[in-house]
Structures are given as C-alpha cells and as structure tokens.
Amino acid sequence: MRDMRGLVSKDFAARFGARPEFVVRAPGRVNLIGEHTDYNDGFVMPLAIEQATWIALRPRADTTVNLYGIDHQELLRFDAARPEHGGPAWSEYPKGVAAALREEGLDLRGFDGVTACDVPMGAGLSSSASFELAIARALHAVSGWPWDPVRMALAGQRAENRWVGVNCGIMDQLISAIGRAGHALLIDCRDLTHRAVPLPAGCAVVIMDTMTRRGLVDSLYNERRAQCQQVAAHFGVAKLRDISREVFEARVAELDPVARKRARHVITENARTLAAAEAMQAGHAGLLGELMNASHDSLRDDFEVTNRELNTIVSVARLHSACLGARMTGAGFGGCAVALVEKAATDDFCAHLVREYSAMTGMTPMLYVTTGADGATHDAG
Ligand code: GLA
C-alpha cells in the first residue's frame, strides 16, 4: 500500500513551508452483508477498510479553508463559516460538510491542508463518505468541539443528501466514523445503535473490483428506494423494517410482481444480516459464507442490482475451494464484490480470480485484502 500519511505530510511541508500540525484519516468501507437495507431502517454489517482519505493540516486563525487535492491537482479555497455552491465538483463535499456542521450550531475554524485518497472512486467502497468524514475530523481537530461519531456521520450524510444531492443512506458515513480494526459493525439503521462483531478467525475478506462502472446509478438507486417506500406505504408502516416475514407472506398476493421481489429482498436480507452477526459471534464462518451467497442471489434475482460482471466475479470466486461465500457489495450495478476466504489460501484464491475473471471478461480485477480498520482518527503531524 502507498504511504498516504507520508504523501500528504510531505506535500504539505513543500506547499506551506512547515510540518502539518495534524494528520487526519477517514476510511472507506466494504459491506459484508445487509445491502439496500439502511434506507429501509434495517440492519447492515460493514467494515471500515485500510484505504482512506488523508488530510495533513494546520489550523488558521480565521475561518478560511485552503485545501490542496493531490488527486485533483487543485487548490480549493472557501469560507467554512459561509460556504457557497460552485467551483469544482469535489469542492461540494467539504463545503457541504461545513454547512451541515454549521447547521448543528458548531463554530468552525479554518485550516490549510493537503488531501489525498486511496479509496478507488466510483467502485462502491465509499470514497465520498471517507472524504466527508475526513473533513469533519479536520474541522473537529482545529475547532475544539467534541467528536461524536454518530453526529458526525449524520452531518456527512446530510452534506451528501442536501448539499451534493445524492440520496444515500447512513451506512457509509457511519462505518467511516465508528469502524473498528478486526471487526465488522452490526448497525441498526433505525436507532443507529451498533455492535462490533469479530471477523472469523482464519478468514480473510477479499474485495474484488470488477472494474465496471455504471452511469445512472443514482437514478436506479432512487427508483429502488421509491419501490421500497411504496410497499411500506401499502402495508401502512413507516419502513420495510416494520414488516415481519409472517405478515409479508400472508399478504404478498396484494403486491405486483416487482414490488413483491423488492420487498422480499429487503425483508429476507434483514433476517440474513442478523443471522450473520450471530454466526460470526459463534465463530461459524461457513454459515456466514452461506448467508453471503444467499444475499447475492437475492440482490441478483429480487432486487436486480447486479450486472453481468458482478455475477461473473461472484461465480468465479465461489468455484475456489477456499471461498466460503461471495456477494456484490455497495449499491451495485457495477463496482465491487466481497468474498470470505480461508486465510491460508488467500494468495491462491487471488491468483485464481485474476486468471479466471480476466479470461472470461478481458478485464483484470483489482483485489484488496482487508482485516477491517478503525474509523476516522487524527493525530499530531
Ligand atoms: C450505497 C449507499 C448506502 C447503501 C448502499 C446499499 O452505498 O450510499 O447508504 O444504501 O448503497 O446498501
């Protein structure tokens, strides 16, 4: 892996003529199970990953933010106390976070900073959420108010929903804020309570990037959200979370075929996610893998958010004897899948995947092995 801390710190020193006072890091994420459940007030079980957004910075006496983006080779300048829309697209994230924190009644100081990110963009590993939480952490470091991870995640989500205009749920921001090394987090997206669940001993989590990216993900995502909400309204409840499997089965005939499939995915996925947490707690890696397989099949057949390459990479992964389970991860339509693999055979599994997936698609997948990382942090530069 690249030395991201060194990268932003050195660039900061060259650009601002001093060592940074703080270095901030906020991770991307991979979701183990619990997909398209967060906006239905359901359960998710993501882990924070080693790839992250980094910011080297020093506080300023005023409220100006000067932020150089190494990936964009561009310097942003805005007033954290009075952010305004406009400028390069990536500037909307930090300005949106500043606006959300201001709405919270928090006083913001400015900073000079340099940022870089090694979460691949558009791959479904939440580079945006990691950027939002890194900005929140930077503003926390220079402004002096306490760090409340759930509140910061909500501010990041509000920035994305209201300022950037992407209608995401809470999973990505929350795991970037509260992740714990070696663990996945079982999150109840209704009340945002969460529990760390240890990754099964002897297993590796392999993230498999299909290298496909699909346009229109936002509109397809919004369409799925609307379909879920329609079923909830039909049943007279706030969210699909409120429909038990028994009630669903009893009244399923009232729904049209598409609504039926969408709701069935969410209702069964919530049950799978809770079962997966129990399996992990009990050290049953095999059962966790089976639940991941069932999750993918449900996302493919009922929620219909996979593409050919996601289905291919998951099938190829499952063919390897060390693979306990594999599924797409994130919003879908392209991007990444995730596999649970016997640790001792990780290298062989990765070689198998590169060979077979490349032969079938002509594309070389990017693979990342993760053991789970801590949520957003900062320390002295
Ligand atoms: C995206 C969204 C999340 C979540 C997932 C699907 O990553 O940002 O809030 O809805 O899709 O599980």
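Note that ligands are numbered from 1 as they come in the structure, with each ligand's atoms numbered from 1 the same way.
Of the protein's non-hydrogen atoms, the one nearest atom 8 (O) of ligand 1 is Asp172 OD2, 2.6 Å.
Residue contacts with ligand 1 do not include Met328, since none of its heavy atoms lies under 4.0 Å from the ligand.
At under 3.5 Å, not a single nitrogen or oxygen of Tyr39, backbone or side chain, sits near a nitrogen or oxygen of ligand 1. Polar contact with ligand 1: present for Tyr221 (N/O pair, distance under 3.5 Å).
Against a heavy-atom cut-off of under 4.0 Å, Met171 is close to the following atoms of ligand 1: 4 (C), 5 (C), 12 (O). Applying the 4.0 Å criterion to heavy atoms of Gly169 picks out, from ligand 1, the atoms 9 (O).
Val24 and Leu174 are not part of a single hydrophobic cluster, where members link through side-chain heavy atoms under 4.5 Å apart.
Judged by distance alone, the side chain of Asp297 and the main-chain N or O of Ala294 form no donor-acceptor pair under 3.5 Å. Judged by distance alone, the side chain of Glu304 and the main-chain N or O of Lys261 form no donor-acceptor pair under 3.5 Å.
Of the heavy atoms in Glu160, none comes closer than 4.0 Å to ligand 1.
Tyr39 has its ring centre less than 6.0 Å from the ring centre of Tyr221. For His85 and Trp163, the ring centers are positioned less than 6.0 Å apart.
Because its NZ or CZ atom is both nearer than 6.0 Å to the ring centre of Phe235 and within 45° of the ring axis, Arg251 counts as a cation-pi partner of that residue. A cation-pi arrangement is not found for Arg60 relative to Phe111, the charged atom failing to lie both closer than 6.0 Å to the ring centre and inside a 45° cone about the ring normal.
Distances from atom 7 (O) of ligand 1 to the heavy atoms of Arg29, Gln173, Arg225 put Arg29 nearest. Across the listed options Asp38, Val305, Asn31, Asp38 owns the non-hydrogen atom lying nearest to atom 3 (C) of ligand 1.
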